[in-house]
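Down below is the structure, laid out as structure tokens.
We count ligands from 1, going down the list as the structure has it; atoms in each ligand are counted the same way.
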Amino acid sequence: MTTQYAGETCVLAYSGGLDTSVAVAWLRETLGFEVVTCTGDLGATGDLEAVQRKAIASGARKAIVQDARDIFLRYFVWPALQAGALYEDRYPLATALGRPLLAKLLVDAARAENARFVAHGCTGKGNDQVRFDLAVGALAPDLTVIAPMRGGMNMTRDEEIDYAKKHGIPVEATKKSPYSVDMNLWGRSIEAGVLEDPWGAPPRDVFQWTVEPEEAPAKPREVEIGFDEGVPVTIDGAKVESVDLVQRLNDLAGKHGVGRIDMVEDRLVGIKSREIYEAPAAVLLHQAHRALESLVLTKESLRFKAELGREYAELVYNGLWFSAHHQDLAAYVRSTQRFVSGEVRVRLDRGASTVVGRRSAHSLYSTSLATYGKGDAFDQRASEGFIKVFGLPLRTQARTQALWGEGSEASLDIPKKALTAPRKARPTKRKK
Ligand code: ARG
């Protein structure tokens, strides 16, 4: 037992789970810290007062709790939705978006408590440690981060339970999930256990927010989502406040089996990892938002923005939320959302979500230009001149470089015969 840090305060990011509860006692006993816990509810914490009681029971001098759900959506989730940020084209980044906010709350608490140390319960193999460490570093480079689970604490789960019992930490009788789970309003992340075999289909007990598609209602449900400058604001025509909106879409889409993601993803620390996500609202909202953008953004904006969305997702995933690069990308994204207002209809049908309609006052879609029916306003004769100019470089190249001509290196490898000789009908063999 050391008292290396006697008299110092350490603010610990606290979830209320076994790991961080044991960490409270460990930081106190082994390092001599006075521990203040800091809990931000991003939509999965449940009873904040119970969390507070547990922190104190674990040995914390003070337990700070905060409902951060609205802040989470407004400042972290909506910008990522507007950016179209999906890591490796699929993961809506629930966990990754939560970390910088939790780190911000942690830093604020450290300032309020005049602490020079903060701590988190992340292991040394994942992305979350990187996100916490980088965010704290960017917000408060003078603070020192302590990560007991990355080194020092070194306890197996059974050892943690023993340690907890010895230190009067309430250990829930509920059986441990066979998976490692993190969740907030934007989604549920599930990994480890049998999921580590990427060939094995995820067992049913992995899922809590979504039903098996074949057990979903046989009757499809259509939902209409309204956006105001890229932020979802209505469901079926009725205005709904953000936290409520996400919860309702999680319920609704989950009930129809929509929102499951099964992927192998690349962690920042170089490991490939099999991940399961449940993100019904996120999947639905990304889909609807993209559909609305296809109506109001130009082709160039859409193309460029898709690139940028990838960069944005990478940055969020890699823990660089509090960077200048993020501010710059976010400024572009915000500007693109000026006209992203309107409604989208999505059909939920046994595990599938399909956009079936979209409309906007800022729509660039013109029926009179698109129609093959009556009222066509498109001047078809003008196409001739357009194609002539558009094709000019190709014709020039054909004349001077004969790229595709006969005998040229790049000529199609199709035997001439195959293109010209009529096929002989083969006599069919008849059974006798
Ligand atoms: N792989 C995801 C990410 O890095 C989810 C991590 C979830 N964390 C956990 N403790 N299960 O964002």
Side-chain angles (χ1 to χ4, degrees), residues 12-23 39-45 72 76-77 79-81 83 85-103 106 119-135 147-150 153 155 157 160 176-198 202-203 205-209 259-280 282-283 286 309-310 312-322 326:
L12 168 70
Y14 183 69
S15 70
L18 181 65
D19 288 343
T20 48
S21 295
V22 168
T39 306
D41 180 12
L42 307 185
T45 311
F72 179 49
F76 293 81
V77 170
L81 172 66
L86 295 169
Y87 182 65
E88 297 191 327
D89 293 330
R90 300 189 68 200
Y91 166 39
L93 295 162
T95 299
L97 286 164
R99 298 312 182 190
L101 173 51
L102 295 177
L106 193 62
H120 59 69
C122 304
T123 71
K125 283 186 80 166
N127 298 312
D128 291 329
Q129 52 164 348
V130 181
R131 296 168 184 150
F132 266 115
D133 290 10
L134 294 188
M149 305 277 294
R150 191 159 58 193
M153 223 167 84
M155 289 185 218
R157 187 172 167 83
E160 281 188 357
K176 155 137 173 83
S177 153
Y179 311 105
S180 163
V181 180
D182 179 70
M183 55 184 167
N184 59 45
L185 277 170
W186 203 227
R188 222 176 140 249
S189 309
I190 310 109
E191 54 192 27
V194 294
L195 299 175
E196 284 172 5
D197 173 7
D205 68 351
V206 164
F207 301 104
Q208 283 183 10
W209 290 10
R260 293 184 176 184
I261 298 162
D262 177 343
M263 65 189 281
V264 170
E265 97 189 10
D266 290 279
R267 286 195 194 159
L268 183 56
V269 293
I271 304 170
K272 278 195 187 291
S273 165
R274 201 283 185 83
E275 305 277 334
I276 304 290
Y277 298 107
E278 288 187 285
V283 165
H286 268 288
R310 252 175 231 121
Y312 198 102
E314 199 79 24
L315 164 166
V316 172
Y317 190 85
N318 292 346
L320 296 168
W321 184 268
F322 296 109
H326 178 209

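Using 4.0 Å as the threshold, Tyr91 has a heavy atom nearer than that to some atom of ligand 1.
Near Glu265, meaning under 4.0 Å from one of its heavy atoms, ligand 1 places the atoms 1 (N), 2 (C), 3 (C), 4 (O). Contact atoms of ligand 1 toward Arg131: 3 (C), 4 (O), 12 (O) (distance under 4.0 Å to a heavy atom of the residue). Of all the atoms in ligand 1, the ones that sit under 4.0 Å from a non-hydrogen atom of Glu275 are 1 (N), 2 (C), 5 (C). If you number the atoms of ligand 1 from 1 as listed, the ones under 4.0 Å from a heavy atom of Ser189 come out as 5 (C), 7 (C). Of all the atoms in ligand 1, the ones that sit under 4.0 Å from a non-hydrogen atom of Asn127 are 3 (C), 4 (O).
Using a distance-only test at 3.5 Å, with no hydrogens or angles considered, no donor-acceptor pair links the side chain of Arg188 to the main chain of Ala94.
No part of Leu93 comes within 4.0 Å of ligand 1, judged by heavy-atom distances. Only the side chain of Tyr277 comes within 4.0 Å of ligand 1, counting heavy atoms alone; its backbone N, CA, C and O stay farther away.
Proximity of Pro178 to Asp205: side-chain heavy atoms (C-beta onward) are separated by under 4.5 Å at one or more points. With contacts defined as side-chain heavy-atom distances shorter than 4.5 Å, the pair Pro202/Val194 does not qualify.
The side chain to side chain contact (heavy atoms under 4.5 Å, CB included) search around Asp19 returns Met149, Glu160, not counting sequence neighbours.
Geometric assessment of Arg131 against the ring of Tyr317 yields a positive cation-pi assignment under the 6.0 Å and 45° thresholds.
The distance from atom OH of Tyr87 to atom CG of Asn127, rounded to the nearest 0.5 Å, is 7.0 Å. In this structure, the separation between CG on Leu97 and CH2 on Trp321 is 5.5 Å, given to the nearest 0.5 Å.
Close N/O approach between Asp128 and ligand 1 is found [any backbone or side-chain N/O within under 3.5 Å].
Protein heavy atom at the shortest distance from atom 10 (N) of ligand 1 is Ser180 OG, 3.4 Å.
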